[in-house]
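Each remark here refers to the structure printed beneath this line.
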Amino acid sequence: MSKYSQDVIKILYTHQSEYISGQDIADELHISRAAVKKVIDQLKADGCQIDSINHKGHQLNQLADQWYSGIVSHILSDNQLVTSINVYDTVESTQTIAKQALVGNNDTMIILSDEQTKGRGRFNRNWASSKGKGLWMSLVLRPHIPFSMIPKFNLFIALGIKEVIQQFSKDKVAIKWPNDIYINDKKVCGFLTEMVANYDSIEAIICGTGINLNHLAEDFSEDIQHRATSIRMHSDEKINRYDFLKVLISAIEKRYNQFLNQPFESIRDEYIEASNIWQRKLKFTENKKQFIGEAIDIDNDGFLMVKDENNQIRRLISADIEI
């Protein structure tokens, strides 16, 4: 990709309502019209729908199914959540890239990739991260908080993500405690929170998020079709990944600020209302031990209260739940 591609696509994106001439683009970037034409031809070959009319200019109608760092930086320019935005075509895992990026700096970061070849979720499970279909992202945040607050982080962020997915879905979106997002009992999003800490303080929280945006049923492998879904499958139209990302980061920023400044008790009722685990028998796995039980409450510390088959009350800080 030309070194000017990100600048050209940003200019086209910000002038979508009008045609802009190749000369105007060239003047703004201090390059030749031939260089602009070469970039636009490549963008078209990549899948961008661009109208080009002699003596009128170029107009962007539709972007390709990929992330362009120039546009990402533009739409997130007013965010207060992170100071650094890094966009990749393909990585093994955005979590791995985020950990490597921590070395030698104190930035807050977004790591975003079109594809993950070794994406993973909670309990080190594989997360299918096909190219061009979803949102695969890691956030590096640096809260000055005690270790005891970490479990509550997931609950605040889950509410933010759930709210955004609901804006794009016709069907009800719900949270499976603590941080999986479901539509009609099929998983649409999961996120993995990892902590980087020394003996007395937290250096960073790395929150890896995978959201199935535009998958169709046939895009999922046969072994997960019965339990996976996408937002597109619950919407009348294809999801605009840039619109979605902008709303998502804004919602996460709002919930992150709540997390830093308010107790979980302030959102407890809201979280309970958003959850899909009530009044049903569930299989719980905690520390590799399984039991059947019924979720009965979430306390003010964010712990899940469960009544097991022996009518014993268990207080869980983390567990895998099968619906």
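The chain is numbered in sequence order, starting from 1.
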When you measure from the side chain of Ser275 to the backbone N and O of Ile277, does any donor-acceptor pair fall under 3.5 Å? no
side-chain contact (heavy atoms from CB on, under 4.5 Å), that's the test. Do Tyr182 and Val188 meet it? Break it down for me. CA-CA 5 Å; Tyr182 277 64; Val188 68; 6.0 Å; no
side-chain contact (heavy atoms from CB on, under 4.5 Å) between Ile313 and Ile296, worked out: CA-CA 9 Å; Ile313 304 299; Ile296 58 174; 3.7 Å; yes
When you look at Ile150 and Ile202, which way does the side-chain contact (heavy atoms from CB on, under 4.5 Å) test go after all the steps? CA-CA 10 Å; Ile150 291 296; Ile202 296 169; 3.6 Å; yes
Within the 4.5 Å heavy-atom criterion, are Leu63 and Ile9 side-chain neighbours or not? yes
Indicate the ring-plane relationship of Phe284 and Phe291, choosing parallel, tilted or perpendicular according to the 30° and 60° boundaries. parallel
What pairs meet the side chain to side chain donor-acceptor pair (under 3.5 Å) rule with one or both residues in residues 291-305, with sequence neighbours excluded? Arg268-Asp297, Asp299-Arg315, Asp301-Arg315
Could you tell me if the side chain of Asn179 sits less than 4.5 Å from the side chain of Leu155, heavy atoms only? no
Derivation and outcome, side-chain contact (heavy atoms from CB on, under 4.5 Å), residues Leu112 and Trp136: CA-CA 6 Å; Leu112 190 65; Trp136 325 124; over 6 Å; no
Quiz question: by atom type and distance under 3.5 Å, do the side chains of Gln258 and Ser266 form a donor-acceptor pair? no
Taking every non-hydrogen atom, the tightest pair across Ala204 and Arg142: CB-NH1, 4.1 Å
Within the distance-only criterion (no hydrogens, no angle test), does the side chain of Gln166 pair as donor or acceptor with the backbone N or O of Asp171 below 3.5 angstrom? yes
Minimum heavy-atom distance between Phe147 and Pro151, given as atom pair plus value: O-CD, 4.0 Å
Step by step, work out the ring-ring contact (aromatic ring centres under 6.0 Å, His included) result for Phe168 and Phe244. CA-CA 8 Å; Phe168 291 81; Phe244 185 90; 5.1 Å; yes
N/O donor-acceptor pair under 3.5 Å between Asp41 side chain and Lys38 backbone: no
Tell me whether Met195 shares a hydrophobic cluster with Val82, the cluster being built from Ile, Leu, Val, Met, Phe, Trp, Tyr side chains joined at under 4.5 Å. yes
Would you say that Asn61 contacts Ile50 through its side chain, given a criterion of any heavy-atom pair below 4.5 Å between the two side chains? no
Is it true that Asp180 and Lys162 have a side-chain N and a carboxylate O under 4.0 angstrom from each other? no
Would the distance check show the side chain of Glu270 and the main-chain N or O of Ile267 forming a donor-acceptor pair, the cut-off being under 3.5 Å? no
Strictly by modelled atom types, are Asn214 and Asp65 linked by a side-chain donor-acceptor pair under 3.5 Å? no
Say whether Asp223 and Ser221, considering side chains only, have a donor N or O and an acceptor N or O under 3.5 Å apart. yes
Check whether Gln6 reaches the backbone of Gly70 with its side chain - one donor and one acceptor, N or O, closer than 3.5 Å. yes
Reference residue Leu245; test side chain to side chain contact (heavy atoms under 4.5 Å, CB included); the match among Val164, Leu213, Ile71, Ile75: Ile75
Look only at the side chain of Tyr19 and the backbone of His55, and say whether a donor-acceptor pair between them is shorter than 3.5 Å. no
Side-chain heavy atoms of Met149 within contact of Phe259, under 4.5 Å: yes
So, Glu253 and Asn257: side-chain donor and acceptor under 3.5 Å apart, yes or no? no
Would you check if the side chain of Asn310 reaches a backbone N or O of Gln312 as a donor-acceptor pair within less than 3.5 Å? no
Can you tell me if Ser52 and Lys44 form a side-chain donor-acceptor pair at under 3.5 Å? yes
For the CD1 atom of Ile110 and the OG1 atom of Thr94, what is their distance to the nearest 0.5 Å? 11.5 Å
Do the side chains of Leu139 and Leu135 join up, straight or via other hydrophobic residues, at under 4.5 Å, putting them in one cluster? yes
Donor-acceptor contact below 3.5 Å, side chain Gln59 vs main chain Ile20: no
Looking at Thr285 and Lys288, would you say the former's side chain and the latter's main chain have a donor-acceptor pair under 3.5 Å? no
Does a salt bridge link Lys99 with Glu194, judged by any charged N lying under 4.0 Å from a carboxylate O? yes
As a quick check of understanding, evaluate side-chain hydrogen bond (donor to acceptor under 3.5 Å, both in side chains) for Glu92 and Thr117, giving each step before the final call. CA-CA 5 Å; Glu92 287 192 352; Thr117 58; 5.2 Å; no
Strictly below 4.0 Å, N to O, side chains only: are Glu309 and Arg314 in salt-bridge contact? no
With sequence neighbours left out, write down each residue that passes side-chain contact (heavy atoms from CB on, under 4.5 Å) with Asp107, or none if nothing qualifies. Thr83, Ser84, Asn105, Met109
Are any non-hydrogen side-chain atoms of Leu141 and Phe153 less than 4.5 angstrom apart? yes
Quick one, Thr14 with His74, criterion side-chain hydrogen bond (donor to acceptor under 3.5 Å, both in side chains). Give me CA distance, side-chain angles, the key distance, then yes/no. CA-CA 9 Å; Thr14 56; His74 172 71; 5.7 Å; no
Ser113 side chain vs Gln116 backbone, donor-acceptor pair below 3.5 Å: no
